[in-house]
Amino acid sequence: MATSARVSSQPGAGSAAASPDAYVVAVRALCDFTARRGDLDLRFTPAPSAQEGQAGHLFVTQRRGADYETEVSLTGTHGALRVRGRADGYDTARNRLEEIKTHRGSVERIPPNHRALHWAQAKVYAHLLCQQRGLKEMEVALVYFDIGSQKETVLVETHDANALRDFFTDQCERFLAWARQEIAHRQSRDAALAGLAFPHGGFRAGQRDLAKAVFRAARDAQCVLAQAPTGIGKTMATIFPMLKACVGTLDKVFFLCAKTAGRQAALAALQRLRQGVTPVPLRVLEMVAREQACEHPGKACNGDSCPLARGFHDRLPAARATALQGFVMDRAAVRTAALAHDVCPYFLSQELARWSDVVVGDYNYYFDASAMLHAMTVANQWRVGLLVDEAHNMVERARRMYTAELRVDDIAAARRVAPAALRKPLDALRRVCQQLLKAQAQRYSVHDAMPPALLAQLQQAGSALSAHFADQGGEAPEPLLQLYFTILSFTRLAEDLGDHALFDITRTQPGAAGAVRGQGRDQGGTLCVRNVVPGPYLSPRFKAAHGAVLFSATLNPMAFYRDTLGLPGDCRTIDVPGPFRAEQLTVNLVGNVSTRYRDRDASISAIVEIMVRAYRENPGNYICFASSFEYMDRLACQLRARLPELPSWQQAAGMDAAGREAFLDRFAPGGAGLGFAVLGGVFGEGVDLPGDRLIGAFIITLGMPQVNPVNEQMMRCMDARFGCGFEYTYLYPGLQKVVQAAGRVIRTETDRGSVYLIDDRFRRASVRALLPAWWRPRRLDHPAPEHLATQHA
């Protein structure tokens, strides 16, 4: 975790500065706030990567003479504002300050508003240097360095020290009113949080232990892995102490979720805290996906296409001020503020993240490869407290973030729309891929290393596409753009290939979707850099935070999550006791039925008989979780034939929000019926059906991932790295789904119900050890042996 003490803040951090009346801002952020004007323009132009940018700066500075200074540290003040930064270079012989910007393609394509921003940064640095060294005038240069051609374009202006001082003063004055407002907000926020009381009067059982662990994590800049059962109020028990820790310690809190339900729960808890006996001036921002926030689907994000991008930066200050006045900036509030000022809601929310106290959003905003919140945290040196909700989802979600697939048919599709100059590198890339596919005897195979020929062709194709986009201003057919992004992602992961990932190739079967027509039987397929252990990528994200708490009802065993997520070695763990009593939940282990794939035909009638008898003994609302849609359909069909008077309903593949709501509405208070769902699906967690809306669940199978070549390779990888291949690949992820699904039954301290765990493997000691400690499982062998004979060998 980040532990360095700071006495000042970067802009947007909302931190207490060195004194109550001081505010520290970086040169780049100051100019971004005061000098950015014009349209929002996200037309794709291939920008240099961070590594290329650093290399470009070094290339330029090494061309200079012996008197050239680099990374010149500068500081200046204006009233309550302290401005600091590092100038790229200063040529003492010429008395020239240089601001170096790397780019690709024609320098004429750099928009005028971007160039104006660059000039503002250069002139602020020039003033600070004049002031520091007592200079009367200075040459100010913008140096644009083309990464591709290694050509410099140098634009030079000469300014006397008085003119530079006036420019600096103007920028500071324009920022100062905002800085004073931010200082006042931080002071009032911290004063209110210092007196904030827990909104429920007293803590529930387990809540106090969890709250203490969260507070200490923020106070001590550490990481905590917390298992806390459903029903104790985890959301409030984590948000409240993290906010208390903000006083004098944290700049911001990021509440990160896997699903919409988690976001809504967090926003509701924050609203309750804000509207306590003494209202808290807490700025809360909800971040939603671009597709959800877009007002003009189909229009490009630039001023020539979208009216909300036209003049975006000119209208941004007023829109920002309007949004912040309301404090609660959920999706609806941001949209209202944005449309009142004719700006894009999605990009307004990104700007508001700089000035918010709490940001609620999806995992990807902080953890994926191009995560915005992580980049802002590092750039602004924010002290951030992370709350990671339903953290059992993080392993699979993070794997997808750091996995890249390259399909031969996507290369072919891009080649069909590519100009003549790009066909040769695309053909060369496709040939290398097809050669690898041809040489592979099996349909699926893992390779020990990344073939050098493939990596070379990826780099050549990526460079050719980058040069083309730079020349064309980013205008390109969608297949070509998508292939370029795939190549960038694939290459980045391929260059970092290690024992945390696999490089595998899957041949497309002839006639299957994705097969390349007319290119031979074995030339279609997919090359994949498949992440297995996301820890190496996530570890720096946790270190960048001042404190992090990952919590869920199912984090057993915690070593699995600590290992796979790359949590620090001093990560604390806490297993919070729950409020439920063993007598509230009857847990039945039905151990003389096998639900293995080969035994499913014989298991159907036995399982249906269990459900029928349970319902007849205690009528009410039940849910059945099966391992697949096909298995679920067969069970539902036989149940209707066996007991046609019992109402039943089923989850459908690809259910929309309205369909999911209708499914849950069938579990009415006082009702009776049986819903069928897929284990590990949308109804397996995050669903709240308290009281008699749900009195029982039938969980059929251990929920373990399918045995297939990919999972078998992942098991070998896990075994080589941790010595627990089967457990880390199959057993622990499967039991996590089972416990989550069972958690739908008991939601409050007054609920009662039953769970039927149907599979002979539930009787194994190693499996029972992974079930919640408060459960008291009992064996239930059905008295009708003709229905329940164990089917496996």
Side-chain angles (χ1 to χ4, degrees), residues 586-655 659-684 687 689 692-703 706 737-738 741-742 744-745 753-762 780-792:
T586 303
V587 181
N588 303 291
L589 302 184
V590 182
N592 54 347
V593 174
S594 169
T595 65
R596 293 170 177 83
Y597 185 79
R598 65 177 181 268
D599 300 326
R600 286 185 184 172
D601 288 346
S603 72
I604 300 291
S605 61
I607 294 169
V608 168
E609 186 67 21
I610 293 168
M611 294 191 288
V612 168
R613 295 197 181 193
Y615 178 79
R616 283 178 171 168
E617 290 173 6
N618 188 18
N621 288 321
Y622 290 82
I623 190 167
C624 172
F625 290 103
S627 57
S628 68
F629 281 100
E630 188 268 341
Y631 201 10
M632 176 190 74
D633 290 341
R634 295 181 64 188
L635 288 165
C637 182
Q638 185 147 335
L639 176 74
R640 294 186 185 107
R642 177 75 173 77
L643 196 64
E645 65 272 22
L646 174 63
S648 65
W649 53 98
Q650 293 176 240
Q651 175 184 352
M655 258 183 169
R660 293 194 295 270
E661 185 176 356
F663 180 91
L664 294 175
D665 286 345
R666 296 288 299 270
F667 295 93
L674 203 158
F676 288 88
V678 173
L679 188 64
V682 294
F683 300 114
V687 169
L689 298 170
D692 62 359
R693 291 191 65 188
L694 184 67
I695 67 167
F698 306 98
I699 302 175
I700 301 166
T701 189
L702 269 68
Q706 182 184 22
K737 296 176 188 176
V738 169
R744 302 313 98 203
V745 178
S754 59
V755 170
Y756 293 80
L757 305 179
I758 304 175
D759 191 284
D760 60 291
R761 290 166 290 184
F762 279 115
L780 180 65
D781 287 344
H782 201 283
E786 66 273 18
H787 290 301
L788 293 170
T790 300
Q791 302 295 324
H792 67 95

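The first residue of the sequence shown is numbered 1, and numbering continues consecutively from there.
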Is there a side chain to side chain contact (heavy atoms under 4.5 Å, CB included) between E609 and R642? Walk through the geometry before answering. CA-CA 8 Å; E609 186 67 21; R642 177 75 173 77; 3.1 Å; yes

Applying side chain to side chain contact (heavy atoms under 4.5 Å, CB included), run through I695 and V745 and close with a yes or a no. CA-CA 6 Å; I695 67 167; V745 178; 5.9 Å; no

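Scanning both residues, L639 and V608, for their nearest heavy atoms gives CA-CG1, 3.9 Å. Closest approach of F762 and I699 over heavy atoms only: CE1-O, 4.3 Å.
For the salt bridge (Lys or Arg N to Asp or Glu O under 4.0 Å) test, no residue two or more places apart in sequence or in another chain qualifies with E645.
You'll find the side chain of F625 stays beyond 4.5 Å of the side chain of I700, heavy atoms only. Side-chain contact between D759 and V593 is absent, with no heavy atoms from C-beta onward closer than 4.5 Å. Counting heavy atoms from C-beta on, the side chains of R744 and L689 never come closer than 4.5 Å.
Side-chain contact of Y631 with T595: a donor-acceptor pair under 3.5 Å is absent, judged by distance alone. In summary, the side chains of S627 and R600 do present a donor paired with an acceptor at a separation below 3.5 Å, with no hydrogens or angles considered.
A salt bridge is defined here as a Lys NZ or Arg NE, NH1 or NH2 lying under 4.0 Å from an Asp or Glu carboxylate O, and E630 with R634 meets this definition.
The aromatic rings of W649 and F667 lie perpendicular to each other, with more than 60° between the two planes, well past the 30° mark.
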